[in-house]
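A quick write-up on the structure given underneath.
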Amino acid sequence: MATAEKRKFQDGRGEAKLDRRAVVASLLADRGDLLVVTGLGSSAYDAMAAGDHPRNFYLWGAMGGAAMVGLGLAFARPKERVAVLTGDGEQLMGLGALATIGAAGPANFSLLVLDNRHFGETGMQPSHTAKGVDLVGMAKAAGFAWSISVTREQHVEELRERLQANVGPGFASILVRADEAPRVLPPRDGVEIKNRFRRELGFATI
Amino acid sequence: MDAAGQDAETSASWQDELFECLLREKIQQVPYVPDNGHAHIIERAHADPSMLAYPLTTEEEGVAAACGAWLGGQKSVLLMQSSGVGNCINMLSLINNCRFPFLTIVTMRGEWGEFNPWQVPMGRAAGPAMELMGVSVRRVDEPNQVAPVVDTALHDVFSSDQAVAVLLSQTLLGRKEW
């Protein structure tokens, strides 16, 4: 194996096998009242491909902010579950949030990183996780109640159950192939997505 | 009472008034990066059962959290020092694009009686930087202005969907003694 390849798989999880679209579709199937915040880029397209939903809030920018939007939401909605769905690049920009979430510890919060080890939206440059940076270990060290690596299909169902349990804060890094699936664009009018989300929860828009 | 004692009393009193404003507006989340000028409010927020105060590793986290809180039906106020304003710039596009109501209370450094030159650049840029990103800026220089300015800011933010930064000036907070 070439040196570059060795470095690539240094995180010990081997070659990525999971298809991001299939994983997200099964995680969001029968979602109940699950509230979902996505990071910008591929993870937003994956959530949209699984079916647009008024309980989805999609970021189109504000890179590094998805997890913290989810945290503010989880505090506000303690009786519901909140899942943040983002990518490795987006989360790497908000690593401090792991500490903030670990310290704050809301049980109804999960952070799911679709880790393709690349910055997919900008030309597939290898990301830090391609060099072995261990997000699962970071979340564990930050005090998340659970932090797991998902590499095979049989783990996905278990993860889906964890999202619905109230045992967080939880973290999962889902190792997905670095495919470029067709873009399925979520609505990008921020005011509309915000207002739709609030209306769904029974709040006035202002 | 000596001068220092009076200062301490004045300081505690405007901080209590500020906190009462947050209570009246039913603020439920208070994310913060600490500063001495906010210390009393942070302490009271932690002690109050109607609020959740939580520390951030960087101020931009609080901008994002404010959006999440509002999505879930809660009001929040972000506390930071002027040096943190620069950390928020790109995250403020979230406020701007989605027109989230947003209030931050910023304790100023680097503008008056400053010993540490490293505080000066961001102290000078804090107000203009907020304005560049679409957050309107209101300054408070005197203790008796704190409650009226914060009350009005809360009203404007949550009743007319605005983004506001209230800057608590260094003349109000006093010099940091070294």
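Computed from heavy atoms alone, side chains included, the values below leave out hydrogens, waters and symmetry copies.
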**Item:** Proximal component of B/Thr58, with respect to chain A [non-hydrogen, under 4.5 Å]
**Value:** neither

**A/Lys17/A/Glu153 salt bridge by N-O under 4.0 Å criterion** = no

**Item:** Salt bridge B/Arg24-B/Asp151, side-chain N to carboxylate O under 4.0 Å
**Value:** yes

**Message:** Under a 4.0 Å threshold between the charged nitrogen and the carboxylate oxygen, would A/Asp115 count as salt-bridged to A/Arg13?
**Reply:** yes

**Asked** Which atom names give the shortest non-hydrogen contact between B/Leu92 and B/Val63, and what distance separates them?
**Response** CD2-CG1, 4.0 Å

**Message:** Which residues in residues 174-206 of chain A have any heavy atom closer than 4.5 Å to a heavy atom of chain B?
**Reply:** A/Gly190, A/Val191, A/Lys194, A/Phe197, A/Arg198, A/Leu201, A/Phe203, A/Thr205, A/Ile206

**Item:** Straight-line distance of B/Gln162 CD to B/His155 NE2, nearest 0.5 Å
**Value:** 9.5 Å

**chain A neighbours within residues 68-87 of chain B, where any heavy atom lies under 4.5 Å away** = B/Gly68, B/Ala69, B/Trp70, B/Leu71, B/Gly72, B/Gly73, B/Gln74

**Message:** Assess, by modelled atom type and distance only, whether the side chains of A/Arg117 and A/Thr129 contain a donor and an acceptor separated by less than 3.5 Å.
**Reply:** no

**Fill in**
When the 4.5 angstrom heavy-atom criterion is applied to A/Leu59 and chain B, the contacting part is side chain

**Message:** Would you say NE2 of A/His128 has more than 12 non-hydrogen atoms from neighbouring residues, nucleotides or ligands within 6.0 angstrom?
**Reply:** no

**Request:** Measure the CG-CZ distance between A/Asp46 and A/Arg21 for me, rounded to the nearest 0.5 Å.
**Result:** 4.5 Å

**Prompt:** Would you call A/Arg152 and A/Glu158 a salt bridge, taking side-chain N to carboxylate O under 4.0 Å as the test?
**Reply:** no

**Message:** I'd like to know whether the aromatic ring centres of A/Phe109 and A/Phe75 sit less than 6.0 Å apart in this structure.
**Reply:** no

**Asked** Does the side chain of A/Phe171 come within less than 4.5 Å of A/Met138's, by heavy atoms?
**Response** no

**Request:** Using a heavy-atom cutoff of under 4.5 Å, enumerate the residues of residues 119-136 of chain B that contact chain A, numbered in order, or state 'none'.
**Result:** none

**Asked** So which heavy atom on A/Gln91 is nearest to which on A/Ala97, and how close?
**Response** NE2-CB, 4.4 Å

**Message:** With a 4.5 Å cut-off on side-chain heavy atoms, are A/Val84 and A/Leu112 touching?
**Reply:** no

**Message:** Quick one, A/Arg31 and A/Leu163 - any side-chain contact, counting heavy atoms below 4.5 Å?
**Reply:** no

**Item:** Side-chain H-bond candidate by donor/acceptor type, A/Glu121 with A/Tyr45, under 3.5 Å
**Value:** yes

**Message:** Could you check whether any side-chain N or O of B/Gln170 sits under 3.5 Å from a backbone N or O of B/Trp112, counting only pairs where one atom can act as donor and the other as acceptor?
**Reply:** yes

**Item:** Side chain, backbone, both or neither of A/Phe57 within contact of chain B (heavy atoms, under 4.5 Å)
**Value:** side chain

**Item:** Proximity breakdown for B/Gln28 and chain A, heavy-atom pairs closer than 4.5 Å
**Value:** neither

**Asked** Any chance the side chains of B/His46 and B/Tyr32 put a donor and an acceptor closer than 3.5 Å?
**Response** yes

**Neighbours of chain A found in residues 96-110 of chain B - heavy atoms under 4.5 Å** = B/Asn97, B/Cys98, B/Arg99, B/Phe100

**Request:** Would you check if A/Leu111 and A/Leu98 make a side-chain contact, meaning some heavy-atom pair closer than 4.5 Å?
**Result:** yes

**Request:** Under 4.5 Å heavy-atom distance to chain B, tell me which part of A/Ala103 shows up: side chain, backbone, both or neither.
**Result:** neither

**Asked** Does a side chain donor of either A/Ser43 or A/Arg20 reach within less than 3.5 Å of an acceptor in the other side chain?
**Response** no

